[in-house]
Amino acid sequence: MADVNFYFDPVCPFAWMTSTWVRKVQSQRDYTVDWRFISLRLLNAHVDYDAQFPPEYEAGHTAGLRLLRAAASIRRDHGRAAIGPLYQALGTRIFDAHTGSYTVDATDIRGTANFVGPVLDELGLPAHHLNALDDTGFDAEIQSETDEALSLTGRDVGTPIIHFRPPEGVAFFGPVISRLPSDDDAVVLWDHVIGLASFPGFAELKRSLREKPQLRAFGVSDDEAGVQEDWHGGSRRTHK
């Protein structure tokens, strides 16, 4: 059993920031991480996207679901160990190598074969996994893992969800970070987060003001802080 279960949606920038931090901690603490699925599109299946989200959100969340279908296909054929490198490659391509809009003709390119194909080539994975992008047969598996994640924290959360030392260990949403800590600060932050979350009476520590993530895809370089925005309700919703 892994030391950390990390539930991610590949299109979530805050999940990507947190995952990069967790990898820093993993390398210094020798933790094992099981990279698991949580779908923002399935989590928000009941939401009226047109009424509550900016225009690009539904396409983006749908692209995330499509990527998770491909990930489920890869996990089925190549095992759980294949997901960490896959998420690393997808996140690097989405958030570090890409700039500008992901939307072309109302389609989020992150969920397309043209976007995913080079990632599979890079990892030496067969191209037939591209067929899974459209295969709704994987959705029940992704929904089950999404439900598993939400059972650990409650439903009024987003991504990522971390479960430390499962099954008895502490689980929580986040932490949501907009800047990547140094190697030394990464383990200090980890110990503080685990210490706080491990107190049995602890429920929530939150502020909706967030800096735009320190990612090239958002036009924020490694040496600057992003503009602060109010992500009320856990996202940039247009209505509360």
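Values below: all heavy atoms of this structure, side chains included; hydrogens, waters and symmetry mates excluded.
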Chi angles and distances behind the side chain to side chain contact (heavy atoms under 4.5 Å, CB included) call for Val22, Val25: CA-CA 5 Å; Val22 166; Val25 176; 5.5 Å; no
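- A donor and an acceptor atom, one from each side chain of His61 and Tyr49, are located under 3.5 Å apart.
- In this structure, Phe95 is a member of the same hydrophobic cluster as Ile83, with clusters built from ILVMFWY side-chain heavy atoms closer than 4.5 Å.
- The shortest non-hydrogen separation linking Val220 to Ala225 is CG1-C, 4.2 Å.
- Put simply, the side chain of Arg66 does not reach to within 4.5 Å of the side chain of Arg110, judged on heavy atoms.
- Taking every heavy atom of both residues into account, Met17 and Ile177 meet most closely at CB-O, 3.6 Å.
- Residues Pro126 and His78 are in side-chain contact: their nearest non-hydrogen atoms beyond the backbone lie under 4.5 Å apart.
- Taking CZ of Arg23 as the reference point, atom OG1 of Thr18 lies at 12.0 Å (rounded to 0.5 Å).
- Shortest non-hydrogen contact noted between Ser73 and Ala132 is CB-CB, 3.6 Å.
- Of all the heavy atoms in Phe14 and Ser178, the pair that sits closest is CE2-OG, 3.7 Å.
- Around atom CG of Asp30, no more than 12 heavy atoms belonging to other residues, nucleotides or ligands sit under 6.0 Å away.
- Glu141 and Arg76 are not joined by a salt bridge, as no carboxylate oxygen comes within less than 4.0 angstrom of a charged side-chain nitrogen.
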From CA spacing to verdict: salt bridge (Lys or Arg N to Asp or Glu O under 4.0 Å), Asp191, Arg29: CA-CA 11 Å; Asp191 288 339; Arg29 292 286 173 84; 2.8 Å; yes
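- When side chains are defined from C-beta on, His129 counts as touching Asp77, because their heavy atoms get closer than 4.5 Å.
- The structure places CD of Glu58 at 6.5 Å from CG of Asp50, a figure rounded to the nearest 0.5 Å.
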Derivation and outcome, side chain to side chain contact (heavy atoms under 4.5 Å, CB included), residues Phe164 and Ser198: CA-CA 10 Å; Phe164 181 52; Ser198 296; 6.0 Å; no
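- A distance of 10.0 Å separates CZ of Phe138 from CG of Leu133, quoted to the nearest 0.5 Å.
- Under the 4.5 Å side-chain criterion, counting only non-hydrogen atoms from C-beta, Ile142 is in contact with Arg69.
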Side chain to side chain contact (heavy atoms under 4.5 Å, CB included) between Asn5 and Ile162, worked out: CA-CA 6 Å; Asn5 290 343; Ile162 293 175; over 6 Å; no
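- Note that the CD atom of Glu148 and the CD1 atom of Ile161 stand 10.0 Å from one another [nearest 0.5 Å].
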Working for side chain to side chain contact (heavy atoms under 4.5 Å, CB included), residues Trp21 and Leu180: CA-CA 6 Å; Trp21 163 62; Leu180 189 63; 4.1 Å; yes
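- At a threshold of 4.5 Å between non-hydrogen side-chain atoms, the residues Leu150 and Ile38 count as touching.
- Distance check: Leu67 CG to Phe37 CZ gives 10.5 Å after rounding to the nearest 0.5 Å.
- Between the side chain of Asp48 and the backbone N or O of Ala51 there is at least one donor-acceptor pair closer than 3.5 Å.
- Residues Ile109 and Leu40 do not share a hydrophobic cluster, clusters being chains of Ile/Leu/Val/Met/Phe/Trp/Tyr side chains in contact below 4.5 Å.
- Looking at heavy atoms from C-beta onward, Pro213 lies out of side-chain contact with Arg179 at the 4.5 angstrom threshold.
- Here the side chain of Ser39 pairs a donor or acceptor atom with the backbone of Leu42 at under 3.5 angstrom.
- Between the NE2 atom in His192 and the CG atom in Asp185 there is a gap of 9.5 Å [rounded to 0.5 Å].
- Closest non-hydrogen pair, Pro10 versus Leu68, comes out as CD-CD2, 3.6 Å.
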Step-by-step side chain to side chain donor-acceptor pair (under 3.5 Å) determination, Asp9 to Thr159: CA-CA 7 Å; Asp9 187 306; Thr159 60; over 6 Å; no
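- Side chain to side chain, Thr32 and Asp3 meet the donor-acceptor criterion of an N or O pair below 3.5 Å.
- The aromatic ring centres of Trp16 and Phe8 sit 6.0 Å or more apart.
- No continuous path of hydrophobic side-chain contacts links Phe202 to Phe172 [ILVMFWY only; heavy atoms under 4.5 Å].
- Classified by interplanar angle (parallel below 30°, tilted 30° to 60°, perpendicular above 60°), the ring pair Tyr31/Trp190 is tilted.
- Minimum heavy-atom separation, Gln28 to Ala186: NE2-CB, 4.5 Å.
- Of the possible donor and acceptor atoms, none in the side chain of Thr92 sits under 3.5 Å from a partner among the backbone N and O of Ala89.
- Using the six-membered ring where Trp is involved, Phe53 and Tyr57 have ring planes that are parallel, under 30° apart on the 30 and 60° scheme.
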Working for side chain to side chain donor-acceptor pair (under 3.5 Å), residues Ser208 and Asp230: CA-CA 5 Å; Ser208 62; Asp230 191 349; 2.6 Å; yes
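- Using a 4.5 Å cut-off on side-chain heavy atoms (C-beta onward), Arg210 and Glu229 make no contact.
- Residues Arg93 and Leu90 fail the side-chain proximity criterion, which asks for heavy atoms closer than 4.5 Å.
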